[in-house]
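Data block below; observations after.
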Amino acid sequence: MRAMKQIVAQLVSDAIATLPELADAAADLSIESTVERTRDASHGDFASNIAMRLAKPVRKSPRDIAASLINALGDNEIIDKVEIAGPGFINFYLSPVAFHAELETILEAGEDYGRQPQRDHPKILLEFVSANPTGPLHVGHGRGASYGATVGNLLEAAGYPVSREYYVNDAGRQMDILGASVWLRWLEASGVDVDFPKGGYRGDYIRDIASEIDTGGIEVVTAEAVTDGLPENTDDNKDEYVDALVARCKELHGEDGFNKIRQQSLESIRDEIRADLEEFGVHFDEWFSEQSLTQSNRVDDALAVLDERGMLYKKDGATWFPSIQYGDDKDRVVVRDNGVKTYFASDIAYHFDKRERGYDHLIDILGADHHGYVTRVRGGLEAMGYEADDLEVQFVQFVTLYRSGERVQMGTRSGQFDTLRQLREEVGNDAARFYYVSRSNDQHLDFDLDVAKSQSNDNPVYYIQYAHARITSVFEKLADLSLAWDADNAKATMDNLSSQQEKALMTALSRYPEILELAANNRAPQHLVHYLRDLAADFHSWYNANKFIEDPDNVRDARLALCAATKVVIANGLGILGVSAPDKM
RNA sequence: GCGCCCGUAGCUCAGUCGGAUAGAGCACCAGAUUCCUAAUCUGGGGGUCACAAGUUCGAAUCUUGUCGGGCGCGCCA
């Protein structure tokens, strides 16, 4: 199934092939890139600027080139009329037959309409969210989740094999701090009151975890035993204090005792995150554990590869990676002087491992605050023999919540709106998913709770869903009247779809595959969002002006075909966005 | 200071390998429903595309500079 634009581009391409002097000049040119939808119906359906692009190399005027090109267009039933316009645009007016054929394609393809055939290369690994398992997801993660899930759907629709992965940072100091935090809350619940570390995790969920985990075999100790000889718990000293608590917990309960608490804590949070995302319609194929990377020695393996290639050196007792060679500001430490590997070391190993697992193209969706890491991680991949471009990074900028025109202060302490779960409960999954991807990912997002929540025409998600529900309702009404839609008759009578509004709606429908491709190629779901809004507007506009159940059979069948096709495209598009397409509202 | 993202209507935003008169929603104003969902539709006003140069047939789009905003610059993760 080819998009309409490709069909037009092919005709242009064929015409050029018959004109040697143009064919040479156009050899490096993607013909399809010269063809675009017109903004104004008075310019026809498609326009090509190819004559202008070729004017310089061919040394002829654009209008002359356009004239010979038009002359060379073969006979076909797709195009009604071709005109030269303005400085040398070629405007194509498509025949109704072309649009009617597209309607049939939509109805035949159904939920596959707009999707590309499955290919087996390149295999894409899409990593997103990957929030540390130290607490519940907040509204910022929600944007990464919605964006990542939608990009995944878009890539799949474009035919790519894509695997969605969540990297669980379940190793390292933050996990120790989590373990110590839970440990202290558990002691507290057992009547042992210890000054809670300023550097610890203070949220209420820590108490919940403390009350749920299995602490069998771990003895309650006294407050003195915990704090004896520890540094002061002050803002200046919070890192030392919390690290000392971790060490103390290991002394008192042994590594096994501490691990038991830490492991259950992180698993509890990870499971909570997973459930939250599942409810949000965001699914992962793999929950990749950082611990597993360390346990299987893959960090050491990756460092060994770098070492063999001469891409590591020692200085000041630490081991460094010369990332300056790959455009970074400075070289980076991979093994600290105390022998502990840095986060960067696992990150290199993790991305190396992704490639080694057979994924050709890696996409990371990261918060905007991580943009400093890209150069060095790419450098790491390159140093290990892969291409820097194998890693693509998409950044998601920050989210600011607004309520009643006021900025909502975020942060756990404010007790205000903070978690993704609260947001979902307030505005609903559909509105949240839609709103999150309605703006380009590299732009800051003002999330207006009042708009997202309003079940009115302020809210584009309901506007689109309403179009879908309206169509369902038409077919129900039809049944109520003991009428039926004769789809075969519709094919034979599509000439009845001839009004301006019908033309506009058919044009909008036929754009869908092109929009999907655009959105997938650019990892830009907002194109789909805006498209669906436009499509719904074209539908509502037409629907409002035409009551057609009472029409003669031939007209009714054709118009119902238009309804059915619109329903298909809206459902498909909303499906990509992870938004439901309700039959009733 | 250096690097990355950005600056388009009163507000929120589209405009993606440079293209024709810069678009949409909200808000505002005026209208439409004995009729398949009015969560709808029709019409209207509203712009120095931050600013200044440059590139060319043509710039919101590319280049440079200035101003303004966000983020990042650890042997943290």
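Chain identifiers are assigned alphabetically (A, B, ...) following the order of the sequence lines, protein sequences preceding nucleic acid strands; residue numbering begins at 1 within each chain.
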Phosphate-side-chain proximity, [X] and [N], N/O vs OP1/OP2 below 4.0 Å:
| X | N | result |
| --- | --- | --- |
| A/Y463 | B/C41 | yes |
| A/S438 | B/U12 | no |
| A/Q526 | B/U16 | no |

Under 4.0 Å between any heavy atoms, over every strand shown, what does [X] touch: base, sugar-phosphate, or nothing? Just pick one.
| X | value |
| --- | --- |
| A/S473 | base |
| A/A47 | base |
| A/N338 | nothing |
| A/A85 | base |

Send over the distance from A/I365 CD1 to B/C5 P, rounded to a whole Å.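 Atom CD1 in A/I365 sits about 17 Å away from atom P in B/C5.
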Residue of the set A/V242, A/V246, A/V340 for which side chain to side chain contact (heavy atoms under 4.5 Å, CB included) holds with A/R173: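 So the option named by the test is A/V242.
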Base-pairing mate for [N] - Watson-Crick or G-U, with both contacts under 3.5 Å:
| N | result |
| --- | --- |
| B/A59 | none |
| B/C67 | B/G7 |
| B/C28 | B/G44 |
| B/G18 | none |
| B/G1 | B/C73 |

Does a distance-only test, which skips hydrogens and angles, find a donor-acceptor pair under 3.5 Å between the side chain of [X] and the base of [N]?
| X | N | result |
| --- | --- | --- |
| A/N49 | B/G19 | yes |
| A/D448 | B/U12 | no |
| A/H371 | B/G3 | yes |

Residue [X], side-chain atoms from C-beta onward, closest of [options]:
| X | options | result |
| --- | --- | --- |
| A/Y466 | B/A39, B/C35, B/U16 | B/A39 |
| A/K56 | B/C36, B/U37, B/U56 | B/U56 |
| A/R332 | B/A24, B/G74, B/C36 | B/G74 |
| A/N544 | B/U40, B/U16, B/G19 | B/U40 |

Using the C1' atoms only, state how far B/C41 lies from B/C4, rounded to an integer number of Å.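 It works out to 45 Å between them.
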Check whether the ring centres of A/F288 and A/Y166 lie less than 6.0 Å apart, and answer yes or no.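 Between A/F288 and A/Y166, the centre distance exceeds or equals 6.0 Å.
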Return the orientation label for the A/Y326 and A/F321 ring planes: parallel under 30°, perpendicular over 60°, tilted otherwise.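 Answer is parallel, since the angle falls under 30°.
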If the plane angle is over 60° it's perpendicular, under 30° parallel, otherwise tilted; pick one for A/Y436 and A/F447.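 The arrangement is perpendicular - the two ring planes meet at more than 60°.
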Nearest-nucleotide comparison on RNA chain B, the residue closer to the 5′ end among A/N132 and A/L478: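 Result: A/L478.
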Pairwise 5' ranking along RNA chain B for A/D239 and A/L518, keeping only the more 5' one: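 Comparing both residues, the 5'-ward one is A/L518.
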Given A/Y167 and A/Y350, is the ring-ring contact (aromatic ring centres under 6.0 Å, His included) satisfied, shown in steps? CA-CA 9 Å; A/Y167 183 57; A/Y350 177 44; 3.9 Å; yes
